[in-house]
Novice: 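Here it is, the structure, as structure tokens.
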Amino acid sequence: MEPLIEQLQILARRLGLLNASCCGEEVSTAQCCVLREVGLRPCSSMQSIAEELGVDITTFSRQIKSLETKGLVTRHISPGDRRVSLLELTPAGVTVLCNIDDYMAKRIVELFECMSNFERETVARSLAFLNDTMAVIGETGRKQIETIACYR
């Protein structure tokens, strides 16, 4: 099992480095993850996005503050509950996220170009299976996998 864990950690680290160094954007790997989640779930609460990423609210709040300072995310009070902060990407945040996504898509295409169709399909199926299995483990309350989010 140890070689498999090591390979997964190497994969996560290399993907994180690709993500963080792309497009000359001044965002960390963790901030890329936050931007993506906020973009996928506009007007969601800070708490729900932090939970989705598996990050404590204090750490998440610092990331949001940094992204607000960069003009990439806005935070506003929920009209239904003044204790809840809702998050949205600014137009600049949307642009940065699109740049990151474009860069990553090009890098992934480059990675897969050196593989045969069979290898590409095998990798895609294996990753889908791994992600589905991790989701089921989390839902059933069996031993939680604690290093899924890119914060760790």
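The shown structure was predicted, so the numbers you read here are calculated from the model rather than taken from an experiment. Side-chain atoms are counted along with the backbone in the values below, which use heavy atoms only and exclude waters and symmetry mates.
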Novice: Report the distance from atom CZ of Phe129 to atom CE of Met134, rounding to the nearest 0.5 Å.
Specialist: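 Output value for this atom pair is 12.0 Å.
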Novice: When you group the ILVMFWY residues by side-chain heavy-atom contacts below 4.5 Å and let the links chain together, are Ile49 and Ile57 in the same group?
Specialist: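 Shared cluster, yes.
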Novice: Going by atom types alone, do Thr69 and Ser66 pair a side-chain donor with an acceptor below 3.5 Å?
Specialist: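 Ser66 and Thr69 do not have a side-chain donor-acceptor pair below 3.5 Å.
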Novice: Between Asp56 and Thr59, does any side-chain donor sit less than 3.5 Å from a side-chain acceptor?
Specialist: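 There is such a pair between these side chains.
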Novice: Is there a continuous path of hydrophobic side-chain contacts, each under 4.5 Å between heavy atoms, that joins Ile77 to Leu67?
Specialist: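 Result: no, two separate clusters.
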Novice: Which value, rounded to the nearest 0.5 Å, describes the distance between Glu52 atom CD and Leu40 atom CG?
Specialist: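 Answer for the CD-CG pair, Glu52 versus Leu40, is 9.0 Å.
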Novice: Do Ser85 and His76 come close enough that some side-chain heavy atom pair is under 4.5 Å?
Specialist: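 Not in contact.
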Novice: Between Gln31 (side chain only) and Ser28 (backbone N and O only), is there a donor and an acceptor less than 3.5 Å apart?
Specialist: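 Yes, the answer is positive, given that a donor and an acceptor are paired below the 3.5 Å cut-off.
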Novice: Just so I know, are the side chains of Val84 and Gln47 near enough to count as touching, which here means a heavy-atom distance under 4.5 Å?
Specialist: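 Counting from C-beta outward, Val84 and Gln47 never come under 4.5 Å.
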Novice: Looking at Phe118, is its backbone amide N or carbonyl O close enough to the side chain of Thr122 to form a donor-acceptor pair, meaning the two atoms are under 3.5 Å apart?
Specialist: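 A pair under 3.5 Å: yes.
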Novice: Indicate the atoms forming the closest heavy-atom contact of Ala92 with Gly71, along with that distance.
Specialist: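 Heavy atoms only, the tightest pair is CB-O, 3.7 Å.
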Novice: Could you tell me if the side chain of Pro42 sits less than 4.5 Å from the side chain of Leu86, heavy atoms only?
Specialist: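 No, side chains not in contact.
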Novice: Would a single hydrophobic cluster contain both Val109 and Val123, if residues Ile, Leu, Val, Met, Phe, Trp and Tyr are joined by side-chain heavy-atom contacts under 4.5 Å?
Specialist: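 Hydrophobic grouping puts Val123 apart from Val109.
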Novice: Would you say Cys32 and Met104 make side-chain contact, with heavy atoms under 4.5 Å?
Specialist: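 No, side chains not in contact.
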Novice: Is a donor on one side and an acceptor on the other found under 3.5 Å between the side chain of Arg41 and the backbone of Ser48?
Specialist: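 A pair under 3.5 Å: yes.
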Novice: As a test of understanding, state which of Leu35, Leu72, Leu89 forms a side-chain contact (heavy atoms from CB on, under 4.5 Å) with Val94.
Specialist: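 Of the listed options, the one satisfying the test is Leu89.
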Novice: Examine distances only and state if a side-chain atom of Glu37 and a backbone atom of Val34 form a donor-acceptor pair shorter than 3.5 Å.
Specialist: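 No: the side chain of Glu37 does not pair with the backbone of Val34.
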Novice: How far does CD of Gln63 sit from CZ of Phe60, to the nearest 0.5 angstrom?
Specialist: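 Answer for the CD-CZ pair, Gln63 versus Phe60, is 8.5 Å.
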Novice: Within the side chain of Arg75, is there an N or O that forms a donor-acceptor pair under 3.5 Å with the backbone of Leu87?
Specialist: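 No.
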Novice: Answer yes if Leu127 and Leu111 sit in the same cluster of Ile, Leu, Val, Met, Phe, Trp and Tyr residues linked by side chain heavy atoms under 4.5 Å apart, and no otherwise.
Specialist: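 They do share one cluster, since a chain of ILVMFWY contacts under 4.5 Å joins Leu127 to Leu111.
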